[in-house]
Amino acid sequence: MGENSISGDPVFYVDCDPGIDDALALIYLIKCHADLRGIGAVAGNVAVDQAAENARRWLALTSRPDIPVAVGRQEPMTGEFWGGAQWIHGPNGFAGLDLPPSQTPTDHMAAAERLVATAHEIGSRLHIIALGPLTNIAVALAIDETLPETVGAITIMGGAHLVPGNVSPHAEANIFADPVAASQVFSAPWRNLTLVPLDITNNHSLSRADVDLLQTASTDPAVQLAATMLAYYLDRHPEFDHSKCLLHDPLAAAIALGSVSLNESPSCTISVETDGEHRGRTLVTFDEDASPDTSASRHRIALSATADFGPLLMSALLPNAQTLREPDAQIISLPSCPQ
């Protein structure tokens, strides 16, 4: 089938729309020495060409220009690009910062085609991490309907179950941006799909003190730039009095990597409202509530974790420094990546 498809360490393919928290997820995976075989860029926080350019420049800054970046689709499966989230991520997705250019060209294959090719090369060791709208994943499913049984797992950041959405009262941004793609992806028979919704990501954050520490304690240019972007990100969250920023994409990456364990991740069926007033709303039916004869795919939804991810992320970004989370707290030093 694929390269060592039955056993061996997991291999990761990240589909994303960088985006400040996407950048944080990527640097976390790189700091943890995850085996990243490719990045797919999708239109979400920014237009797809900007997302690809951001990914290329960010990988160059983090000393991983060897990881190929494939350009995905600009428009959703139906309709037009929703316009992006510049009010959160800045005009270029990276807080308006001009990163040094990358000398590495984009992949000659489109993102969906690259994902399918990588899946057949790696087989069940491949774990897809989807951090943006699910357009590229849906296109890959249209190219190859065997994708869900070829790869080992997919972890998706998106959706809102019992909490409000972040772009409408009902919808989270990634699902809202392409609800048709999300519906198609959640309907596919994946071996192992984990949805990481706002219900759990809302509980994991970095504080302004954390961001200040990253700016002052790190000598890594990528970490320093991440801290500058995070300071911008903090200022775009008045709902938290500008005191913390949520770790949506990094938490999903950590769950996929195994750095963060879940203590509540029930099996369920997930569907999406694709239009109307409730466009992008994720509907979750837990197994005990499903009818016995249902043919819908079974997945998991991550609802709570066994540990706070913030300190783990800080330890990964400041590996040679101790992290002080609160003014009166004891200094802590934690393992940040899977051992």
Side-chain angles (χ1 to χ4, degrees), residues 1-17 22 25-26 29-30 32-42 55 67-73 77 107 109-159 174-175 178 181-197 249 251-260 262 265 267-270 272 296-302 338:
M1 189 177 175
E3 171 194 312
N4 298 320
S5 61
I6 303 302
S7 61
D9 293 333
V11 175
F12 297 93
Y13 180 96
V14 179
D15 196 82
C16 58
D17 57 338
D22 302 77
L26 290 175
L29 290 167
I30 289 167
C32 288
H33 306 289
D35 188 349
L36 293 178
R37 293 296 176 91
I39 306 293
V42 66
I67 300 173
V69 175
V71 182
R73 183 161 154 164
M77 300 303 284
D107 196 324
M109 297 179 71
E113 295 169 345
R114 174 55 67 192
L115 173 54
V116 170
T118 304
H120 285 282
E121 175 191 355
I122 305 300
S124 61
R125 290 174 56 213
L126 187 67
H127 192 138
I128 302 167
I129 304 176
L131 304 177
L134 294 172
T135 313
N136 290 340
I137 312 301
V139 174
L141 288 171
I143 294 171
D144 182 2
E145 64 181 12
T146 71
L147 182 67
E149 61 197 52
T150 302
V151 304
I154 181 170
T155 297
I156 297 168
M157 190 280 127
N174 288 340
I175 307 302
D178 196 343
S183 179
Q184 292 172 0
V185 171
F186 292 138
S187 297
W190 302 92
R191 298 187 195 201
N192 179 355
L193 182 150
T194 301
L195 180 67
V196 182
D249 292 347
L251 179 64
I255 289 171
L257 192 60
S259 307
V260 171
L262 300 172
S265 56
S267 179
C268 61
T269 300
I270 305 165
V272 177
S297 298
R298 289 288 191 270
H299 307 310
R300 292 192 308 150
I301 182 170

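Only this structure's heavy atoms are used, side chains among them; waters, hydrogens and symmetry mates stay out.
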How long is the span from the [atom1] atom in [X] to the [atom2] atom in [Y], to the nearest 0.5 Å?
X      : Y      : atom1 : atom2 : value
Ser267 : Ile301 : OG    : CD1   : 11.0 Å
Asp22  : Asp249 : CG    : CG    : 4.0 Å
Thr155 : Leu193 : OG1   : CG    : 7.5 Å
Arg114 : Arg37  : CZ    : CZ    : 11.5 Å
Ile67  : Ile30  : CD1   : CD1   : 4.5 Å
Ile128 : Ile137 : CD1   : CD1   : 5.0 Å

message: Would the distance check show the side chain of Asn174 and the main-chain N or O of Leu134 forming a donor-acceptor pair, the cut-off being under 3.5 Å?
response: no

query: When you measure from the side chain of Arg125 to the backbone N and O of Gly152, does any donor-acceptor pair fall under 3.5 Å?
result: no

Please enumerate all residues that pass side-chain hydrogen bond (donor to acceptor under 3.5 Å, both in side chains) together with [X], with sequence neighbours excluded.
X      : result
Asp144 : His120, Thr146
Ser265 : Arg300
Asp15  : Asn136

- prompt: Mind checking what makes side-chain contact (heavy atoms from CB on, under 4.5 Å) contact with Ala110, not counting sequence neighbours?
  reply: Glu113

Show me the donor-acceptor pairs, under 3.5 Å and distance only, between side chains in residues 251-258 and residues at least two apart or in other chains.
none

Testing the basics here: between [X] and [Y], what is the closest heavy-atom pair and its distance to 0.1 Å?
X      : Y      : result
His299 : Trp190 : CE1-CD1, 4.0 Å
Ala140 : Leu115 : CB-CD2, 3.9 Å
Gly132 : Val42  : CA-CG1, 4.3 Å
Val151 : Leu126 : CB-O, 3.7 Å
Ala302 : Pro197 : O-CD, 3.1 Å
Ser183 : Val272 : N-CG2, 4.1 Å

message: I need the full list of ring pair (Phe, Tyr, Trp, His ring centres under 6.0 Å) pairs touching residues 124-147, with sequence neighbours left out, sorted by first then second residue.
response: Phe12-His127

Under 4.5 Å between any side-chain heavy atoms of [X] and [Y], yes or no?
X      : Y      : answer
Leu29  : Val14  : yes
Arg191 : Thr150 : no
Ile39  : Leu26  : yes
Ile122 : Tyr13  : no

